[in-house]
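First the structure, in the form of structure tokens, and then the observations on it.
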There are 2 protein chains.
Amino acid sequence: MADINFKTDTSKPPRGGREPQGDNRAAPNDTVPFDLIELLFFAYRDFTADPDDVLSEFGFGRAHHRVLHFVNRNPDLVVTDLLGILKITKQSLGRVLKQLVDEGYIRQIPGASDRRQRHLRATDKGQELAMRLARLQAERLDRAIMALPDDGAEIVRQFLFQMINPDGRGDVAALIDAGRDTQAPPDGGTKPKDSRP
Amino acid sequence: MADINFKTDTSKPPRGGREPQGDNRAAPNDTVPFDLIELLFFAYRDFTADPDDVLSEFGFGRAHHRVLHFVNRNPDLVVTDLLGILKITKQSLGRVLKQLVDEGYIRQIPGASDRRQRHLRATDKGQELAMRLARLQAERLDRAIMALPDDGAEIVRQFLFQMINPDGRGDVAALIDAGRDTQAPPDGGTKPKDSRP
DNA sequence: AATTTATGTCAGCCATATTGACTTATTTCG
DNA sequence: CGAAATAAGTCAATATGGCTGACATAAATT
């Protein structure tokens, strides 16, 4: 017995005919979209599982992934900003970041304009790992998107964006936008740009 | 300073024009949908934050939420099945389940046909908490879905389903399907019985 | 009767997060 | 200028939620 099967095993995708939706005066039990709640749980669980496997080979965990990902996508990110993105404490970040720096995945570059700051940048080695993990997740996402109608990707994007707390959306949009034109320069000679207002 | 803003703060939603997609021979960097990866991270982070707040009032954590949720949705769920759903170990489940039972949120009912089994069922109190948490998540989901085109909900459902590991989809579909006709009976008939071996 | 299964428990370990207190530079501001 | 605020880092203690391994018990299966 290798595969666990909970309940019966009729292999059919979840049907999606019903959706009363229009009565919302107290969110009565009937209107709670349990299927979406559960699908999101399972989807995210599998989405993070692939990278986790790879990371464990390196002695890293999911926390390292998050740090490396955002640093790779946003070179010269400053520690305070990273804390804001991840919404964790300085102490939590410290441990993970120190490992990534010590093992040569991330460099810390003193700020030029504000010398208190440390600009974070993925090394070549860091970029490689970050991209390897990103490609794993991309494969899954691409396959899922491929199965949708033409406008599927855009609808999914909108959905996910709307799931974010309203007051956080601006920051997320800006972050994604900033990462967009990050072509991951070959870790060459760039000096830390000042991130001061 | 209460709000942390990473990078700039131009409050516009992520644009979604680009999508080369057609060149996949090695998933070159350009084709990695970083925006989706990040949106999924932020969406899930906020999705779980609301329940977490409520749970902490009860001295519970996210693990308790998951257990309570699936037990509530699938009355008489058996321990082995729950382990399969959550993909955690017996020992990990044991801790949280014991707390939920001790504090009267879940009942364990010896199996009728197979008396080794313990059927798990949410008590009235458990159902209340489960529904309170589910409604919180439902609000967020409903608001997000509302902002989409008519077929948005269905596309999102398909997307999330396709994000699940192929070999797990059957089980998930069956589980969701089973939960569908769970009308959360008023905890009437079965008596607690002795949970002794 | 022997084996397997379902459940549970003890003991210890690891990863990730938290709070609180405090230090060191450095910048900003009155 | 000098005080206050900020960026980063550190030490220590604690909580949560995973994990492995070893075992125990009752009940079902073979």
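Chain letters run A, B, ... following the sequence lines, proteins first and then strands; every chain starts at 1.
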In B/S/- notation, 5' to 3', how is nucleotides 18-26 of chain C contacted by protein heavy atoms closer than 4.0 Å? BBBB---BB
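Between the CD1 atom of A:I109 and the C1' atom of D:dA7 there is a distance of 16 Å, given to the nearest Å. If you measure from atom CG of A:L97 to atom P of D:dA8, you get 10 Å, rounded to the nearest angstrom. Atom CG of B:D102 and atom C1' of C:dG8 are 13 Å apart (whole Å). Rounded to an integer number of Å, the gap from A:R95 CZ to D:dA8 P is 19 Å. Put simply, CG on B:L82 is 13 Å from C1' on C:dA6, counting in whole angstrom units. Atoms NZ (B:K98) and C1' (C:dG8) sit 11 Å apart, rounded to a whole Å. Atom CG in B:L77 sits about 14 Å away from atom C1' in C:dA6, given to the nearest Å. Rounded to an integer number of Å, the gap from CG of A:D76 to C1' of D:dA8 is 17 Å.
The nearest pair of heavy atoms linking B:D142 to A:P33 is OD1-CG, 3.9 Å. Contact detail for A:T123 and A:G104: the closest heavy-atom pair is OG1-O, 2.7 Å. Across A:L136 and A:P51, no two heavy atoms sit closer than the pair CD1-N, 4.0 Å.
Residue pairs meeting the salt bridge (charged side-chain N to carboxylate O under 4.0 Å, His left out) criterion with at least one member in residues 48-58 of chain B, sequence neighbours excluded, are B:D50-B:R140, B:D52-B:R62, B:E57-B:R132.
Within the nucleic acid shown, A:Q108 comes within 4.0 Å of sugar-phosphate atoms alone, with no base atom in reach, counting heavy atoms only. Looking at heavy-atom distances under 4.0 Å, B:H119 makes no contact with the nucleic acid at all.
Atoms CD and CG, on A:Q108 and A:L100 in that order, are 10.0 Å from each other to the nearest 0.5 Å. Atom CG in B:L36 sits 10.0 Å away from atom CD in B:E38 (nearest 0.5 Å).
Relative to the six-membered ring of B:F41, A:R66 misses at least one condition, a distance below 6.0 Å or an angle of at most 45° to the axis.
Between B:R157 and B:E154 a salt bridge is recorded (basic side-chain N to carboxylate O distance below 4.0 Å).
Residue A:T80 places its side chain closer to D:dA8 than to any other of C:dG8, D:dA8, C:dA6.
Taking a 4.0 Å limit (strictly below) on heavy-atom distances, residues 52-62 of chain B does not reach DNA chain C anywhere.
Taking the six-membered ring where the residue is Trp, the centroids of B:F70 and A:F42 are separated by under 6.0 Å.
Within the 4.0 Å cut-off from OP1 or OP2 of D:dG17, at least one side-chain nitrogen or oxygen of B:H64 is found. Taking only side-chain nitrogens and oxygens, B:R118 never comes nearer than 4.0 Å to OP1 or OP2 of C:dT5.
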